[in-house]
2 protein chains.
Amino acid sequence: MPDDEASRAGGVDPRELWLSQARPRRGRRPAFSREGIVAAAVELADAEGLEAVTMRRVAARVGAGVMSLYSYAPDKETLLELMIDRVAGELPAGREVTGDWRADLKAVARSQRANMLRHPWLPAALATRRTPGPNTLAFMEHVLAALRSAGLDGAARMEVFAQVTAFVAGHVAHEVAQASAAWTSERLAAEARYLAEVAADGRHPELAAVLASSREPADPDATFTRFLDRLVDGLDAEL
Amino acid sequence: MPDDEASRAGGVDPRELWLSQARPRRGRRPAFSREGIVAAAVELADAEGLEAVTMRRVAARVGAGVMSLYSYAPDKETLLELMIDRVAGELPAGREVTGDWRADLKAVARSQRANMLRHPWLPAALATRRTPGPNTLAFMEHVLAALRSAGLDGAARMEVFAQVTAFVAGHVAHEVAQASAAWTSERLAAEARYLAEVAADGRHPELAAVLASSREPADPDATFTRFLDRLVDGLDAEL
DNA sequence: GACTATTGTCGTACGTCGTACGAGAATAGT
DNA sequence: ACTATTCTCGTACGACGTACGACAATAGTC
């Protein structure tokens, strides 16, 4: 048992996590696969939310013993990273860019939003992400290429990528929370009663005015597009 | 035991959570206070992160039995909401606006960022927030007032508020993750080695170029200001 | 002052979580 | 056949959120 320094505290070496390594030539043949396990975890999160992703439930889903999962991921946090990179595989990458970087950037953001709506746990999960996996890197490569015509240097393009991602994540997190199934009609009514009570106390005139106006619920797609346009056009204005 | 419908599933009635209620005229006098408990929870989160906020540790910090906390908050999720609203009390509110809505909005965003840097758990916590408490509402009132001169209708002003908040939260979450104490030097070196390896595989030319350039770490304050200017100026361009 | 209703405190206990440990099974080189 | 290696997974431990209910303290009523 050499116990090389890779298994020390502070996180696993990203290389041994992400870089493909050849199957060992000795020892028992694996009965499961990392892909299958991660896929099961993603399905679970999609269907029942992040908090349903427990080692026990994932193991049950793939038909493994709980502790067998630890042969494929050193801990649950890492499993979460693998989930993130798996769904990053659904994002466009390797596609050619049009040369219109504003249009490309908006398309990128739209596909990010679509991905997060498909996987509503993603915005919350991204908040604790550590090291980008291969699919995330391929997507980053795509975005950086799309931004080539924007005349920004390397660091600035990276910044823009981070900012757009953060923005979309924040927006979708809010969007998903609003549309959540947890909003029963009585919960909604209670909320409305509370806000009305606050608005009626006289110390929140602006809030009262906003509450009084605007009753239609606002189309989420249109709202997102509007926000995105603002952000990207803001980028544009700087050049 | 009437068990009125307020204690049903789907969350507590916001009114009985946020609206101040008179002390009951009968029964034992409370030994603790909601404020003290929430303050202890915030201190804990500030010092050791959100995952250190457990009912047991909060109780120990205020000198209460664990189950006593449940007299002040119906569950842990609600305690988290109370924490969020407590730190929202550190945001500017009730202050007069200058009339220059762009400057005011930028000042608002800066104070939000400062607050999130003081309480690094806040971006993550905000993702699951349900109902705005009084301090959050006061802050919203302030922002809405600042936006009065922008010529937007009620719903649009609310949108802008939500967008700026989402933007700042996303940005600071990223910022905090980068500067996290978990980045030991060996961890950092391992990350660099991994990225170098990826860049060297020839399939990530843009990434390689970015990695090759730009070695100075970039001032976080300046970066935030730049991004914020972009966003707000983008808003401006729309009018 | 005794009685009772009400409210707050908190010890115990239950089910669930992540995961350390190590015994056993399977595989491949010798 | 033997051995080193790799994988599987039952058991167990400590920590978590919180339901339950016994008990303590308060205030109104007689």
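Because only heavy atoms are used, hydrogens play no part in the values below, and waters and symmetry mates are left out as well, while side chains stay in. Note on naming: letters A, B, ... go to the chains in the order of the sequence lines (proteins, then strands), and numbering restarts at 1 for each one.
- Pairs engaging residues 109-129 of chain A under the ring pair (Phe, Tyr, Trp, His ring centres under 6.0 Å) rule: A:H119-A:W121 [sequence neighbours left out].
- Within 4.0 Å of B:A59, counting heavy atoms only, lies no atom of the nucleic acid at all.
- A search for side-chain hydrogen bond (donor to acceptor under 3.5 Å, both in side chains) contacts involving B:E48 returns B:R57, not counting sequence neighbours.
- Considering only residues two or more places apart in sequence or on other chains, B:E197 meets the side-chain hydrogen bond (donor to acceptor under 3.5 Å, both in side chains) condition with none of them.
- Rounded to a whole Å, the NZ atom of B:K76 is 18 Å from the P atom of C:dT16.
- Note that CZ of A:R113 and CZ of A:F167 are 10.0 Å apart. Values are rounded to the nearest 0.5 Å.
- Scanning both residues, A:Y194 and B:P132, for their nearest heavy atoms gives OH-O, 2.8 Å.
- Here D:dG10 presents its C1' atom at 14 Å from CG of A:L69, a figure rounded to the nearest Å.
- Applying the side-chain hydrogen bond (donor to acceptor under 3.5 Å, both in side chains) rule to B:R61 yields the partners B:E43; only residues at least two apart in sequence or on another chain are considered.
- Take A:F139 and apply the ring pair (Phe, Tyr, Trp, His ring centres under 6.0 Å) test, not counting sequence neighbours, and it matches A:F161.
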Name the pairs: protein N/O against N/O of nucleotides 28-30 of chain C, kept only if under 3.5 Å.
from	atom 1	to	atom 2	distance (Å)
C:dA28	OP1	A:R29	NH2	2.8
C:dA28	O3'	A:R25	O	3.1
C:dG29	OP1	A:R25	NH2	3.2
C:dG29	O4'	A:R26	NH1	3.4

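- For residues 62-71 of chain B, no pair satisfies salt bridge (Lys or Arg N to Asp or Glu O under 4.0 Å), with sequence neighbours left out.
- What separates CG of A:L79 from P of C:dC17 is a distance of 14 Å, to the nearest Å.
- Among residues at least two apart or in separate chains, salt bridge (Lys or Arg N to Asp or Glu O under 4.0 Å) pairs with a member in residues 64-86 of chain B are B:E77-B:R130.
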Expected rows: protein N/O vs nucleotides 20-24 of chain C N/O, under 3.5 Å:
none

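- Within residues 41-57 of chain A, no residue places a heavy atom under 4.0 Å from DNA chain D.
- One can place CD1 of B:I37 at 12 Å from P of C:dG8, the figure rounded to the nearest angstrom.
- Residue pairs meeting the salt bridge (Lys or Arg N to Asp or Glu O under 4.0 Å) criterion with at least one partner in residues 22-34 of chain A, sequence neighbours excluded, do not occur; the list is empty.
- Listed by chain and residue number, A:T165 satisfy the side-chain hydrogen bond (donor to acceptor under 3.5 Å, both in side chains) test with A:Q112 (two or more places apart in sequence, or in another chain).
- Taking the side chain of B:S68 as heavy atoms from C-beta on, and the options D:dC7, C:dT9, D:dT18, the nearest nucleotide is C:dT9.
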